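Structure record follows, encoded as structure tokens.
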Amino acid sequence: MKRMAWGVFIIIFFLFHCATSRVSVSGSKPAGGESYVSCLARGMRSLGDKKYDEAISALQQASMLKPDSDKAYNFLGIGYFMKKNFAEAVKCFQKALAINPAYASAVCNLGNLQFETGEVDAAVATLSKGIAEFADNVALHFSLGNILLHRGEIDEGFAHLAKVMELDPGYLGRAKSFSLETSASDIPRTEIFFRYARLYASVGNLEKTLEYLGKAKESGFNDWKRIRQDDAFAALREDPQVKKYFE
């Protein structure tokens, strides 16, 4: 089975990049040296520029200058992840969570890393625990939903993606290129495409509904009576472009 965690992980990094870029600490600057804030900022910039060795070096300095910085360890974990040093990445995410158990980004990163290294059950457990604490965290629902789909649990996976749609209707579109529709080889693509159409129909997004109905048709989907029967399509069912699929 092909992994999707790389894409999700990168999304999570950029989603939380802005949220963590405003750092407020009290000094932590050695004589003649660089401050914690400067090291952290430099490390984050290097991550964004894909200069991972430079990022790791800067973030290691930041973590030494401020050993209780959950942010430094979380971003350091990302640096190690991108270098495929998964053992060090796990340690960093766990350290970030030991410092701040309520750090949703680190929870999500750890769960995706566990999935990437083949610990699928552990990933599901980590992300499920995160959702129990952060019920409205879009990234957690997106990651868990995709991992459940990857595991073949279509109904459960799409339940989380439906929650993503409820919380942020534009999120799936922004994350589109990293979703299971292009990375899962063991789930019927016809059903995946139809379910995506159903998600977009439920929020009245005609353009995206038609896009995924078209993909479903091209991949061989033919159970069009479901559009007539499924309440998710109620708002768009009478649109001529939708009706052509079941008439």
Side-chain angles (χ1 to χ4, degrees), residues 1-16 108 111-112 115-116 120 123-124 127-128 131 135-247:
M1 293 189 292
K2 188 177 179 181
R3 297 290 187 214
M4 62 84 189
W6 280 97
V8 176
F9 193 96
I10 294 169
I11 290 171
I12 293 165
F13 161 56
F14 283 110
L15 282 175
F16 286 91
C108 209
N112 282 309
F115 176 73
E116 180 66 26
V120 180
V124 170
L127 295 167
S128 297
I131 287 171
D136 293 336
N137 186 283
V138 178
L140 286 168
H141 282 288
F142 179 80
S143 293
L144 181 56
N146 276 290
I147 289 174
L148 290 173
L149 287 180
H150 193 93
R151 205 160 69 166
E153 299 174 31
I154 296 178
D155 290 338
E156 295 84 352
F158 270 98
H160 286 283
L161 295 184
K163 185 66 175 178
V164 171
M165 188 69 78
E166 174 190 330
L167 294 169
D168 183 354
Y171 190 96
L172 288 180
R174 297 193 299 274
K176 173 183 172 184
S177 62
F178 301 115
S179 66
L180 250 291
E181 65 165 89
T182 57
S183 63
S185 59
D186 58 341
I187 300 175
R189 292 172 65 80
T190 54
E191 184 65 18
I192 293 295
F193 289 140
F194 183 80
R195 293 289 188 104
Y196 270 102
R198 182 182 186 278
L199 279 180
Y200 283 112
S202 70
V203 295
N205 188 327
L206 177 62
E207 180 182 357
K208 285 292 185 181
T209 299
L210 292 172
E211 176 186 337
Y212 282 97
L213 288 177
K215 289 182 177 183
K217 183 178 180 179
E218 290 172 7
S219 64
F221 187 84
N222 57 19
D223 191 11
W224 301 111
K225 66 179 182 293
R226 289 167 63 181
I227 297 178
R228 291 197 207 94
Q229 300 167 349
D230 195 327
D231 289 342
F233 288 93
L236 301 180
R237 192 178 290 131
E238 296 306 314
D239 185 278
Q241 298 176 89
V242 175
K243 288 179 72 173
K244 73 178 183 181
Y245 284 97
F246 60 84
E247 287 183 337

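These figures come from a predicted structure and were not determined experimentally.
- Closest of all the heavy-atom pairs between S143 and N112 is OG-ND2, 3.1 Å.
- Minimum interatomic distance between A123 and I147 (heavy atoms only, all atoms of both residues): CB-CD1, 4.2 Å.
- To the nearest 0.5 Å, atoms CG (N137) and CG (L127) are separated by 9.5 Å.
- For the salt bridge (charged side-chain N to carboxylate O under 4.0 Å, His left out) condition, the pairs that include at least one residue of residues 195-204, sequence neighbours left out, are D155-R195, E191-R195, R198-D230.
- Using modelled atom types, no side-chain atom of H141 and backbone atom of A159 make a donor-acceptor pair closer than 3.5 Å.
- Considering only residues two or more places apart in sequence or on other chains, N205 meets the side-chain hydrogen bond (donor to acceptor under 3.5 Å, both in side chains) condition with none of them.
- Side-chain contact between K217 and W224 is present, with at least one heavy-atom pair separated by less than 4.5 Å.
- Under the salt bridge (Lys or Arg N to Asp or Glu O under 4.0 Å) criterion, E166 pairs with K163, sequence neighbours left out.
- Pairing each heavy atom of I227 with each of F233, the nearest pair is O-CB, 3.6 Å.
- In this pair, F193 and Y212 present their aromatic rings tilted. The plane angle is within the 30 to 60° band.
- Note: L213 CG to Q241 CD = 10.5 Å, rounded to the nearest 0.5 Å.
- Under 4.0 Å is where a charged nitrogen must lie from a carboxylate oxygen, and between E218 and K215 no such pair does.
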Evaluate side-chain contact (heavy atoms from CB on, under 4.5 Å) for F221 paired with R226, printing each intermediate quantity in order. CA-CA 11 Å; F221 187 84; R226 289 167 63 181; 3.7 Å; yes

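- Under a cut-off of 6.0 angstrom, the local environment of CD in E247 is crowded, with over 12 non-hydrogen atoms contributed by other residues, nucleotides or ligands.
- Between R151 and V124, some side-chain heavy-atom pair lies under the 4.5 Å cut-off.
- By the 4.0 Å N-to-carboxylate-O rule, D239 lies too far from R237 to be salt-bridged with it.
- The two residues D223 and K225 make their nearest non-hydrogen contact at OD1-NZ, 2.6 Å.
- Note: N146 CG to F158 CZ = 8.5 Å, rounded to the nearest 0.5 Å.
- If you take CD on E156 and CG on L144, they are separated by 10.0 Å, rounding to the nearest 0.5 Å.
- A 4.5 Å side-chain heavy-atom check between Y200 and L236 finds every atom pair outside the cut-off.
- Here the straight-line distance linking atom CD1 of I154 with atom CD1 of I192 works out to 5.0 Å at 0.5 Å rounding.
- In this structure, Y245 and L210 approach most closely via the heavy-atom pair OH-O, 4.1 Å.
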